[in-house]
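This report refers to the structure that appears directly beneath it.
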Amino acid sequence: MKGQRWVAQHGRWFGFGLLPGLVTLVVYAGALVGLGYGADDLVGWATPFADDWSSPWQGLLRTGLTALVFVLGLFLAVITFTAVTLLVGQPFYESLSEEVDRSEGGEVPESGLPLWRELWISARDSVRILLRVALYGIILFACGFIPVVGQTVVPAIGFCVSGYFLSEELTAVALQRRGMVLKDRLVLLRGRRMLALGFGVPLVLSFLVPFVAVFLMPGAVAGATLLARDLVDPDPAPDAEPDPGPGTADSGDAPAPRAWSA
């Protein structure tokens, strides 16, 4: 909500951040329509053993599997949509993320890498994340055959997995500028797992509504930048050192950046 509020207050950046999502949406809409029309044939081809089953068992099996295939397609679409949109819109979202950092004060990190290098790193990390998601997807797909659990618990776990990795994809824009590689980013998110889920799962559910993902992406990137700032530089907890009191330090000084290592 903070990210959406930020782009609402900076309308020019909202329009700027819409462009990559619109391009990606056209491609994904066509893919999902094709999946919707072809899921029945795919399930029929994959279950020849049920050709001789009597009614209603054949219909129940294939209808359930068809729904599961489409849910799996949506599951993968949510994750890959963000990855592809971030890749297509790398220059757009880098600028948006930098502007959020600038408006919040403190250091505004810059990667210092050429654009082609940033695109390569983003693409490589996205593939690594998608491989992890695909592994979870296969496991959840198999668990979908378990009666009752497969139709209730498994989809809920799927949304949590989607939300967690969606948070990683979005915060990567800000965290890469801070010099953090994929391994460090995953460690950082694991340390605040509930925060990552709280950020990502609502976005996943919102992204399921047609066209909503495009309009939420600018705010999602802004919110992920705010989240990255909280993850890297959380409010310092009181320690053993006494408070020096007011007037002993310039209130305009930015906090020293924290060092991260692999």
Side-chain angles (χ1 to χ4, degrees), residues 1-6 75 78-83 86-87 93-94 96-98 100-111 113 118 121-137 139-140 153 156-207 216-217 219-241 254-262:
M1 294 304 297
K2 290 181 179 178
Q4 301 303 326
R5 185 165 59 246
W6 189 94
F75 170 80
V78 170
I79 296 297
T80 58
F81 179 88
T82 304
L86 290 175
L87 186 61
Y93 295 135
E94 284 282 349
L96 173 59
S97 179
E98 288 179 9
V100 173
D101 271 328
R102 192 172 293 111
S103 69
E104 293 297 308
E107 182 187 10
V108 181
E110 296 182 4
S111 67
L113 299 174
E118 290 181 351
I121 293 173
S122 296
R124 181 193 62 192
D125 289 349
S126 294
V127 169
R128 291 175 176 174
I129 290 296
L130 292 178
L131 289 176
R132 286 175 166 87
V133 173
L135 176 61
Y136 280 108
I139 295 173
L140 291 174
V153 177
I157 295 175
F159 284 125
C160 290
V161 171
S162 298
Y164 182 81
F165 286 110
L166 182 60
S167 294
E168 195 289 323
E169 289 282 355
L170 289 168
T171 54
V173 177
L175 293 178
Q176 278 183 198
R177 289 192 293 106
R178 289 165 166 78
M180 297 187 67
V181 297
L182 176 60
K183 178 182 176 181
D184 289 341
R185 299 198 303 265
L186 291 174
V187 169
L188 192 63
L189 287 176
R190 279 199 297 269
R192 305 286 296 279
R193 186 176 287 109
M194 295 307 296
L195 181 61
L197 290 174
F199 178 79
V201 173
L203 274 177
V204 169
L205 297 174
S206 300
F207 281 11
L216 290 185
M217 271 300 290
V221 174
T225 303
L226 297 173
L227 175 60
R229 291 171 62 90
D230 182 58
L231 290 171
V232 176
D233 294 307
D235 293 332
D239 52 27
E241 296 181 8
R258 295 176 61 181
W260 289 90
S261 64

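Here the structure is a predicted model, which means the values were calculated and not measured.
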Would you give the length of the straight line joining atom [atom1] of [X] to atom [atom2] of [Y], rounded to the nearest 0.5 angstrom?
{"X": "Leu186", "Y": "Arg128", "atom1": "CG", "atom2": "CZ", "answer": "10.0 Å"}
{"X": "Ile121", "Y": "Leu87", "atom1": "CD1", "atom2": "CG", "answer": "12.0 Å"}
{"X": "Ser103", "Y": "Leu226", "atom1": "OG", "atom2": "CG", "answer": "7.5 Å"}
{"X": "Phe159", "Y": "Leu140", "atom1": "CZ", "atom2": "CG", "answer": "11.0 Å"}
{"X": "Leu188", "Y": "Leu231", "atom1": "CG", "atom2": "CG", "answer": "4.5 Å"}
{"X": "Arg192", "Y": "Leu227", "atom1": "CZ", "atom2": "CG", "answer": "8.0 Å"}

Between the main-chain N or O of Thr225 and the side-chain N or O of Ser97, is there a donor-acceptor pair closer than 3.5 Å? no
Give a yes or no on whether the backbone of Gly158 and the side-chain of Ser162 come within a donor-acceptor separation of less than 3.5 Å. yes
Which heavy atom of Ser206 sits nearest a heavy atom of Leu216, and at what distance? CB-CD1, 3.5 Å
Write down the atom of Phe199, the atom of Leu170, and the distance for their closest heavy-atom approach. CE2-CD1, 3.9 Å
With side-chain contact (heavy atoms from CB on, under 4.5 Å) as the test, would you mind laying out the steps for Val173 and Leu96 before giving the verdict? CA-CA 10 Å; Val173 177; Leu96 173 59; over 6 Å; no
Hits for side-chain hydrogen bond (donor to acceptor under 3.5 Å, both in side chains) against Asp125, two or more places apart or cross-chain, chain-then-number order -> Arg185
For Thr171, give me all partners under side-chain hydrogen bond (donor to acceptor under 3.5 Å, both in side chains), at least two apart in sequence or on another chain. none
For side-chain contact (heavy atoms from CB on, under 4.5 Å), just list the numbers for Glu168 and Leu182, CA-CA rounded to whole Å, side-chain angles, deciding distance to a tenth of an Å, and then say yes or no. CA-CA 9 Å; Glu168 195 289 323; Leu182 176 60; 3.4 Å; yes
Step-by-step side-chain contact (heavy atoms from CB on, under 4.5 Å) determination, Leu86 to Met217: CA-CA 9 Å; Leu86 290 175; Met217 271 300 290; 4.1 Å; yes
So does Asp101 pair up with Arg178, basic N to acidic O under 4.0 Å? yes
